[in-house]
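Worksheet: the structure to be examined is printed underneath.
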Amino acid sequence: MIPDKAPKEDVFHGSEDLKKEAHINSFEKYKELYMKSIENPDEFWGDIAKDFFWKTKHTGQFLDYNFDVTKGEIFVKCMEGASTNISYNLLDRNVHERKLSDKVAFYWEGNEPGDELTVTYRELLQRVCQFANVLKSQGVKKGDRVSIYMPMVVELVVAMLACVRIGAVHSIVFAGFSAESLCERIMDSQCSLLITADGFYRGDKLINLKLLADEALQKCRDKGFPVEKCIMLKHLSKEAEETSLGSQSPPAKRSCPDLQEKQTGRVKKTRPVPQVPWNPEVDLCWHTLIRGASDECEPEWCESEDPLFILYTSGSTGKPKGVLHTVSGYMLYTATTFKLVFDYQPDDVYWCTADIGWITGHSYITYGPLANGATSVLFEGLPTYPDISRMWEIVDKYHVTKFYTAPTAIRLLMKYGSEPVQKYKRESLKVLGTVGEPINPEAWQWYYNVVGERRCPVVDTFWQTETGGHVLTPLPAATPMKPGSATFPFFGVVPAILNESGEELEGPSEGYLVFKQPWPGVMRTVYGNHQRFETTYFKKFPGFYVTGDGCRRDKDGYYWITGRIDDMLNVSGHLLSTAEVESALVEHEAVAEAAVVGRPHPVKGESLYCFVTLADGVTYNRTLEAELKKQVREKIGAIATPDYIQNAPGLPKTRSGKIMRRVLRKIACDERDLGDISTLADCSVVEQLFQNRCYTAE
Ligand code: WT7
């Protein structure tokens, strides 16, 4: 339970200035509202729902659910009977009711400094309507799934909200994923249409996105799932035309028609252009399609529990899970968490550095901020390009007040010391946020002291793709912070800590982090596989949603996430399943068996340490190692590239043949204290692996 009084020692407080204007400005107020949210959720959420537009009102209970597998099917229903449209709430309501039509929705900042665009709420609404009409004209209907594979451009937001406007379900695939991963996701969600772009730059590196999209569509075709249409946005092509590196341009006949729209940007560099193969039977040009499309589009009114989007997250079996979120609950939850966790005020300029391809971008670049009528920065590039001050340059350029990033980015910048940060003023900053993995206290202190100059509270937000929004988090002007702790539950969230036998632990304790009841934004199912949803999250401890994370509660009631307790790894804030990487490795003909474990990494949090047993007659060498890395990159994506690969003639197995990953983790870290290894079939394997450890990652 939440303590009545917040601790006074070893804690950090939000500034007095912040408290003056904050929505929730004391711990007592947080506690009071929290109790209300738990004891009377109907009233608590009902009051919040009044701010939104409903075509029809809900009837009956606000939240209805079953979390106990022994009592029947697991379900969560929020605001049954109500109908609405999220794009209407995010756009029309802001333009027409709140008179925010000229307010900036996004400052788009490109990869190259100087590439920039501003989009107001009115313009965003028009563009969304226009593209919604395009989707309709291509036969997309309510309930259809649409795959989106795009860089961080305004059109990505336009595409997702256009889907939402007509009741189609978007499935965004992060543009860093491979063609194989895209194909797998398109097929799993049975998407009828793909939206992509020609290409984009990440720093100096050109990503030929259309080429990857084509490869994915070819794989889908080969597997008997032809996707009939692919809409391509020209993001770089115009620039390509201007810089005109003739020999690299696609042959005229096969290139995207209609290269007229102008790409903005002051800096024109001569750089390679994307290759844009064109298949007239499938490919359609975004710019041609929107020309002439009306910028008015009546929204499709959706039921509360209609599907909103699917977003894939790694699963411990290796096959990604299509996490499904639905309309009303997700809207209320992302809007409310955004407003209270960042203490959103109308003059804020908010910046979340995540990619929209991850849940952080869905909830806290698109849905939460737009629902509040906020102005955000939408950044295409990297924190280190063209130099390591880029983030702070952007903060000053747009006067960013609320800033949200990942521990891995903080640790990366921390390596270069405070000077690159102090080159910029950062006076506008008021609240700093972090997400994705536990933040080590050292990084927290650096973020707080150097970036925020001890003025800005750090909100360490714990949540998951599955939770839809923040579930454990401080409120910046109410919760005294402890570096490294995600502190307390958000409204409506009831955490508990269980031991291995499923008993709930009271007071200071450590064990499995679970939740006892739903909040509006929790996932509803695994798309197309409700059974997997029940097995993954509800089977281990009937009656609870199991997060898969370990957690400690201290004497003051603060929650500290201790990391995953399943076969998942967290690399730079992204979850990867060891099984997924292992299966990519064994698909190589030289590999007979593979076992992957995490090894702590100073910047990424965890890195991938892979043990491979080769097929008979194959010898291990550098070329093979490079091939294996490439194989994983191509199967999954660059984020999954192994840091270490060790040739393992034998793997430590129990007599029943189970690989002892615990032992492999010790070997990867060169820790000789192995604990009990009496169940090992052959101990000599271990010594051999210790002798051949990899010392440097390449
Ligand atoms: C897993 C969820 C939620 C958006 C990004 C990741 C870890 C996330 C924190 C935090 C400690 C954290 C957990 C969680 N995680 N935020 N503040 N402190 N751990 O979404 O890919 O679904 O990963 O990320 O292990 O289960 P995701």
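Both counts, for ligands and for their atoms, begin at 1 and track the order of listing.
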Inset, instruction - For atom 22 (O) of ligand 1, state which one of V471, N570, D549, T465 supplies the nearest heavy atom. - result: T465
Legend entry - ligand 1 N/O within reach of T434 N/O, cut-off under 3.5 Å: no
Legend entry - Contact check, G436 vs ligand 1, heavy-atom distance below 4.0 Å: yes
Inset, instruction - Using a 4.0 Å heavy-atom threshold (strictly under), name the region of I561 that reaches ligand 1: side chain, backbone, both or neither. - result: side chain
Legend entry - Side-chain donor-acceptor pair present, S178, E634, cut-off under 3.5 Å: no
Inset, instruction - Counting heavy atoms only, name the option from E466, H362, E437 that's nearest to atom 9 (C) of ligand 1. - result: E437
Inset, instruction - Using a 4.0 Å heavy-atom cut-off, say whether M568 meets ligand 1 through its side chain, its backbone, both or neither. - result: neither
Inset, instruction - Go through F403 and Y447 one step at a time and tell me if the side-chain contact (heavy atoms from CB on, under 4.5 Å) criterion holds. - result: CA-CA 11 Å; F403 178 70; Y447 199 27; 3.4 Å; yes
Inset, instruction - Look at atom 2 (C) of ligand 1 and find which of F462, W358, W463, Y559 reaches it with the closest heavy atom. - result: W463
Legend entry - Axial cation check for Y558 ring with K482, 6.0 Å and 45° limits: yes
Inset, instruction - Can you label the angle between the Y448 ring and the F12 ring as parallel, tilted or perpendicular, going by 30° and 60°? - result: perpendicular
Legend entry - Proximal atoms of ligand 1 relative to T360 (non-hydrogen, under 4.0 Å): 4 (C), 5 (C)
Inset, instruction - Tell me which part of L472 gets within contact of ligand 1: side chain, backbone, both or neither, using heavy atoms under 4.0 Å. - result: neither
Inset, instruction - Provide the closest heavy-atom pair for H470 versus T461 in the form atom of the first, atom of the second, distance. - result: CD2-CB, 3.4 Å
Inset, instruction - Consider every N or O of H574 and every N or O of ligand 1, then say whether any pair is closer than 3.5 Å. - result: no
Inset, instruction - Could you see which bit of I439 sits under 4.0 Å from ligand 1, with heavy atoms only: side chain, backbone, both or neither? - result: neither
Inset, instruction - Classify the ring geometry between Y34 and Y30 as parallel (under 30°), tilted (30 to 60°) or perpendicular (over 60°). - result: tilted
Inset, instruction - Determine the interplanar angle of the Y364 and Y404 rings, folded into 0 to 90°, and report it as parallel if under 30°, tilted if 30 to 60°, perpendicular if over 60°. - result: perpendicular
Legend entry - Residue pair L340 / F490, side-chain heavy-atom distance below 4.5 Å: yes
